Amino acid sequence: MKKVLLFVLILSAPVWAQKDISVGAFGGFNLPILQSDAGAGSDFGVKAKFSPIPMLAAAAFFESRTFGEASKEVGGVEHTIDGGNVTSFGVEGLIGNTGGGSGPHFYFFAGISSYKWTRDYWEDLTEVGFHIGPGFEMVFPAKIGLELRAKLEIVPTDGGGSRKNGIILVGANYHIGLM
Amino acid sequence: MNIKTLALTALLIAAFIVACGIATGTFTIVYEIDDTISSTQADLQYEAVDLNTIEDYQEHQDLIQSVDHIAIVGTVLNYGNTPVSGEVWLAYTDTLDTPAEVRSVGTRVFVSPVIPPGGSLEIDWQDGLSYIENFSEIQDAVELGQFVIYGLGDSQFFYVVMDIDIIVTLTAGY
């Protein structure tokens with residue numbers, strides 16, 4: 001494991017010294033985990049990231065998501081239910097190669113968000129969510145980066161359970177840079 | 001990493017999993033009512049619901065964290081001569097004989113829009129959610145697993161036939 005981490009750090013050594021500010025937009029898939037009342041949907045959002053030191057960063061984001069219809073066969077009749085929409089905004093911390101500059105950047109992130117799920121005929125589910133995951137970004141000399149992120153989101157609910165989502169995102173960032 | 005550190009890490013992970021309800025899942029069960037519920041003001045019919053007959057429910061009953069939503073789906077027919085709303089009442093006894101007794105002892109948990117004489121209403125999952133009333137009462141009933149539902153009309157004279165099923169969504173786990 002240490003060798004893998006070392007390899008990643010060496011691979012991205014030229015960008016280590018870069019402090020950075022970046023802004024970006026992303027989109028992807030929203031995949032409910034162990035939720036039979038919601039289907040897979042889409043996810044779009046924007047974010048801004050600040051890296052005051054090369055290995056650590058903080059980001060703020062806003063996401064707008066959908067869930068797909070869920071279906072259930074009852075007495076030979078297929079019933080469906082609308083998945084609804086989610087808005088989520090929050091902050092996250094990043095560790096790894098989080099600075100700017102061209103080259104590959106691999107990092108891990110963890111964050112907290114305000115999660116609001118709206119569905120017809122239901123009370124809105126408004127809770128605090130938590131998420132973790134890995135991310136990878138390839139930044140090109142033109143200061144544009146292409147990014148791939150995988151996120152596991154856990155939203156504890158009132159009854160003692162939780163809603164869990166797997167989210168796969170691809171995005172593009174513009175690196176303004178600090179130095 | 002020594003044994004103590006490993007044990008502490010495992011304990012913290014377990015505490016996190018339990019605190020955040022991570023080891024839970026949300027699943028949907030269907031209670032299919034084989035016979036129609038055909039009721040008039042003089043002759044009520046009921047269905048004794050036993051969710052324990054559903055394997056998924058039986059497996060998870062002790063682990064239920066929340067009853068998230070309940071829908072009654074199917075068809076309600078008005079065979080009477082006046083417009084009527086179909087109603088489903090919840091009780092814990094099957095000895096109620098008159099609408100007055102049901103209204104006195106039971107709790108109304110479902111009411112349909114008004115159906116014209118000779119008309120029918122198809123209720124899908126989405127609509128079935130919106131016609132539910134007294135949700136906390138039916139939540140409790142679902143957690144108990146056994147209850148009785150009566151079919152009624154909301155007028156003095158009625159003849160309603162309900163070909164309905166119940167969809168319940170639960171969150172269960174540790």
Side-chain angles (χ1 to χ4, degrees), chain A residues 1-2 31-40 67-86 110-113 115 117-133 151-166, chain B residues 1 13 16-36 54 56 60 63-75 122-133 135-136 139-140 142-143 162-174:
Chain A
M1 186 64 187
K2 284 177 182 172
L31 308 167
I33 299 170
L34 293 174
Q35 298 184 62
S36 66
D37 60 344
F67 279 110
E69 284 184 343
S71 64
K72 192 80 183 173
E73 189 177 306
V74 183
V77 178
E78 189 82 357
H79 285 267
T80 59
I81 190 169
D82 179 48
N85 301 298
V86 171
I112 186 168
S113 62
Y115 178 97
W117 188 8
T118 305
R119 305 176 81 168
D120 288 345
Y121 306 124
W122 295 19
E123 279 185 30
D124 291 351
L125 177 70
T126 304
E127 301 286 352
V128 173
F130 304 91
H131 63 269
I132 56 170
K151 180 157 98 169
L152 171 65
E153 179 180 61
I154 299 158
V155 184
T157 53
D158 287 342
S162 67
R163 296 281 184 164
K164 293 163 282 293
N165 303 305
Chain B
M1 195 178 282
I13 291 171
F16 178 72
I17 287 171
V18 171
C20 290
I22 292 172
T24 62
T26 301
F27 63 99
T28 303
I29 60 170
V30 176
Y31 185 84
E32 295 195 17
I33 300 173
D34 292 334
D35 299 321
T36 56
I54 303 168
D56 269 353
H60 297 96
L63 304 174
I64 292 174
Q65 300 285 349
S66 61
V67 177
D68 300 324
H69 47 90
I70 298 157
I72 289 178
V73 301
T75 308
E122 297 284 337
I123 304 163
D124 64 16
W125 192 359
Q126 190 94 18
D127 290 335
L129 290 168
S130 67
Y131 304 150
I132 292 292
E133 294 186 336
F135 184 63
S136 62
Q139 271 181 313
D140 292 344
V142 166
E143 287 184 20
M162 298 181 175
D163 182 7
I164 55 174
D165 302 298
I166 304 170
I167 302 178
V168 178
T169 304
L170 302 163
T171 296
Y174 297 95

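Being a predicted model, the structure only gives us computed values, none of them experimental.
Each of Gln35(A), His131(A), Lys151(A) was checked for a side-chain hydrogen bond (donor to acceptor under 3.5 Å, both in side chains) with Asn165(A), and the lone residue meeting it is Gln35(A).
With a 4.5 angstrom heavy-atom cutoff, Thr169(B) touches chain A only via side-chain atoms. The contact between Ile167(B) and chain A is made entirely by side chain atoms (from C-beta outward), counting heavy-atom distances below 4.5 Å. For Thr171(B), the part lying under 4.5 angstrom from a heavy atom of chain A is the side chain only. Contact of Glu32(B) with chain A is made through the side chain alone, with heavy-atom distances under 4.5 Å. When heavy atoms are compared at a cutoff of 4.5 Å, Asp68(B) approaches chain A solely by way of its side chain, counted from C-beta outward. Contact of Ile123(B) with chain A is made through the backbone alone, with heavy-atom distances under 4.5 Å.
A distance-only check finds no donor-acceptor pair linking the side chain of Trp122(A) to the backbone of Gly84(A) [under 3.5 Å]. Looking at Lys72(A), its side chain does come within 3.5 Å of a backbone N or O of Thr28(B) through a donor-acceptor pair.
For Asp124(A), the salt bridge (Lys or Arg N to Asp or Glu O under 4.0 Å) test picks out Lys116(A), with sequence neighbours left out. When the salt bridge (Lys or Arg N to Asp or Glu O under 4.0 Å) test is applied to Glu122(B), no partner is found at least two apart in sequence or on another chain.
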